[in-house]
2 protein chains.
Amino acid sequence: MTPPPPDLPQDTRHRLIEAAILTFAEKGYDGAGIREIAQRAQANSALVTYHFGGKEGLYREALHHISDRKASEVASLPPPPEPGSPGAREVALQGMKAYIRAFVTDLMSCPAESEVDAAAMALIGREIQMPHPVSAPVLLEFARPYMERVLALLRVLRPDLDPDAHLRMTLSIQGQILHFRNSLGFIRLLSGDPDFPKDLEVLIQHFTDFSLRGLGVPEAFPQTRP
Amino acid sequence: MTPPPPDLPQDTRHRLIEAAILTFAEKGYDGAGIREIAQRAQANSALVTYHFGGKEGLYREALHHISDRKASEVASLPPPPEPGSPGAREVALQGMKAYIRAFVTDLMSCPAESEVDAAAMALIGREIQMPHPVSAPVLLEFARPYMERVLALLRVLRPDLDPDAHLRMTLSIQGQILHFRNSLGFIRLLSGDPDFPKDLEVLIQHFTDFSLRGLGVPEAFPQTRP
DNA sequence: CAATATTAATCAATCGATTGATTCAGTCAA
DNA sequence: TTGACTGAATCAATCGATTGATTAATATTG
């Protein structure tokens with residue numbers, strides 16, 4: 001039998017952060033205790049103070065850890081076209097479809113793939129709704145690229161609208177998707193379907209169709225109803 | 001000088017519930033203490049156990065109180081048309097517009113009108129995202145009419161779609177609006193506009209336009225772009 | 001009506017449990 | 001030896017819950 005993996009020094013810190021993400025996501029900041037988190041990380045609760053200066057520091061570090069891991073995924077999308085460039089509309093249309101797909105897959109990472117990733121997005125969702133005083137800066141930095149990306153695409157797709165209208169549309173697109181992620185448990189209860197959504201691809205297609213129609217980009221749907 | 005109003009016995013119970021709604025909405029179930037709630041209600045903390053059997057009972061009663069007060073408002077809308085009846089499409093179209101308006105005004109009751117009402121909807125929003133074990137039954141009963149109403153309208157407006165598609169569309173419509181309500185504070189930070197939305201009517205118009213287009217009901221928008 | 005008994009409502013005080021934080025002696029590897 | 005870490009003990013503070021006493025309103029009785 002193999003011996004337990006050598007416990008590298010830096011490793012404890014990382015285990016604490018991952019255990020914190022899981023526990024904070026399940027029980028919220030007030031509901032989660034540092035004893036429970038430490039036990040989950042197979043570490044001593046005194047290390048929370050030692051490494052992070054306290055519970056609040058651990059929370060901040062956990063959110064920062066999530067933000068760092070996810071930032072690269074948004075940036076990896078092809079950049080939105082310049083408003084005046086040739087073929088900008090078609091590029092922006094494809095960009096919007098790619099964005100919606102990326103947004104959904106980012107948010108809907110299921111526990112089967114990575115338990116921590118799933119908990120991380122649940123935690124972000126909870127924080128967006130009711131930010132802990134400590135988390136506001138981290139959260140703004142995290143959400144900004146998602147927001148800016150859609151706004152840039154909208155400036156190409158709907159140049160006739162003013163910035164306020166662009167903001168409303170951005171929030172409508174993201175809102176539908178965030179609602180699916182944040183209220184998934186409740187939706188399953190309400191609809192009576194415990195394994196909703198059965199197919200993520202169908203869901204992505206729905207968000208894409210609904211949003212592009214909602215945006216009023218008719219060339220994406222030459223004919224809605226015969 | 002007039003003496004302080006006589007403190008009717010039943011009144012304390014009601015004051016406790018209202019204080020509970022405010023405090024639970026601000027700090028969550030774990031974050032709010034019965035001492036703070038009692039102090040806010042100018043009552044003794046022992047009365048929480050006396051009247052409601054404990055903190056959990058007070059929470060349950062607070063949610064029930066919200067559910068009871070809001071139930072009548074949904075029911076006051078004109079009933080959705082029968083799928084086969086004459087002029088059903090036009091009636092359903094107007095019904096959908098009325099529903100969206102009612103849903104928005106229900107959710108967006110601002111603190112200026114009634115501090116408790118505003119807190120109540122914030123509390124509901126929080127519970128939908130992460131239901132307390134105690135609240136699931138109350139919450140389902142509360143949300144069911146909202147859900148059923150949209151589904152009934154969709155069966156008329158989009159009879160070509162299956163129930164799963166109807167469910168997705170319902171969640172997209174409600175999701176946008178719930179996201180506005182639940183993340184209002186965050187949106188204000190992110191957009192840099194501290195008094196967003198300036199005009200509720202503009203917002204209602206946006207939700208209506210975006211949703212009806214998204215649903216694919218072309219007669220509502222004979223021409224999206226010239 | 002008056003005297004008494006009963007119940008509901010409220011209070012201050014306190015309970016044990018748990019919280020986050022801290023301390024400290026000891027382990028282990030570099 | 002030094003720095004990273006452990007494990008156990010302990011701290012003050014706060015938590016929800018409970019107690020026993022007190023007041024006010026109501027019912028019962030003579």
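Residue numbering restarts at 1 for every chain, and letters A, B, ... go by the order of the sequence lines.
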Rounded to whole Å, the NZ-C1' distance (B:Lys55 to D:dA17) equals 12 Å
Electrostatic pair A:Arg40:A:Glu18 at N-O distance under 4.0 angstrom | no
Here the distance between atom C1' of C:dG20 and atom CG of A:Leu58, to the nearest Å, is 12 Å
| Short side-chain N/O contact to C:dT10 OP1/OP2 from B:His51, under 4.0 Å | yes
Taken to the nearest whole Å, CD1/B:Ile34 to C1'/C:dA17 is 14 Å
Practice problem: Flag the pair B:Arg69 and B:Asp117 as a salt bridge only when some basic side-chain nitrogen lies within less than 4.0 angstrom of an acidic carboxylate oxygen. | Solution: yes
*Is A:Arg126 salt-bridged to A:Glu26, cutoff N-O under 4.0 Å?*
no
note: B:Arg35, atom CZ; C:dT14, atom P; distance rounded to Å ~ 13 Å
Describe the nucleic acid contact of A:Ala46 in one word from base, sugar-phosphate, nothing, applying a heavy-atom distance below 4.0 Å. base
Rounded to whole Å, CD1 of B:Ile37 lies from P of D:dA17 at a distance of 11 Å
Quiz question: going by heavy-atom distance under 3.5 Å, is there a donor-acceptor pair between the base of C:dA9 and the side chain of B:Asn44?
no
In numerical order, the residues of residues 19-30 of chain B whose heavy atoms come under 4.0 Å of DNA chain C are none
Whole-Å distance, A:Arg15 CZ to D:dA4 C1', equals 13 Å
Check your understanding: Is the distance between the ring centroids of B:Phe207 and B:Phe180 less than 6.0 Å?
Key -> yes
query: Would a distance-only check, ignoring hydrogens and angles, find a side-chain to backbone donor-acceptor pair under 3.5 Å from B:Ser135 to B:His132?
result: yes
Whole-Å distance, B:Gln39 CD to C:dC11 C1', equals 15 Å
Regarding the side chain of A:Leu47, the nearest nucleotide among D:dA8, C:dT10, D:dT6 is D:dT6
Quick note, B:Tyr50 side chain, CB onward, closest among C:dA8, D:dG16, D:dT18 is C:dA8
**Asked** Do A:Ser211 and A:Gln176 meet the criterion of a side-chain donor-acceptor pair at a distance under 3.5 Å?
**Response** yes
Regarding the side chain of A:Thr49, the nearest nucleotide among D:dG16, C:dT22, C:dG20 is C:dT22
When rounded to whole Å, the OH to C1' distance for the pair A:Tyr59 and C:dT19 reads 18 Å
Counting the atoms with a prime plus P, OP1 and OP2 as sugar-phosphate, which does B:Ala32 contact under 4.0 Å by heavy atoms, base, sugar-phosphate, or nothing? sugar-phosphate
To the nearest 0.5 Å, atom CD1 of A:Ile187 lies from atom CG of A:Asp193 at 11.0 Å
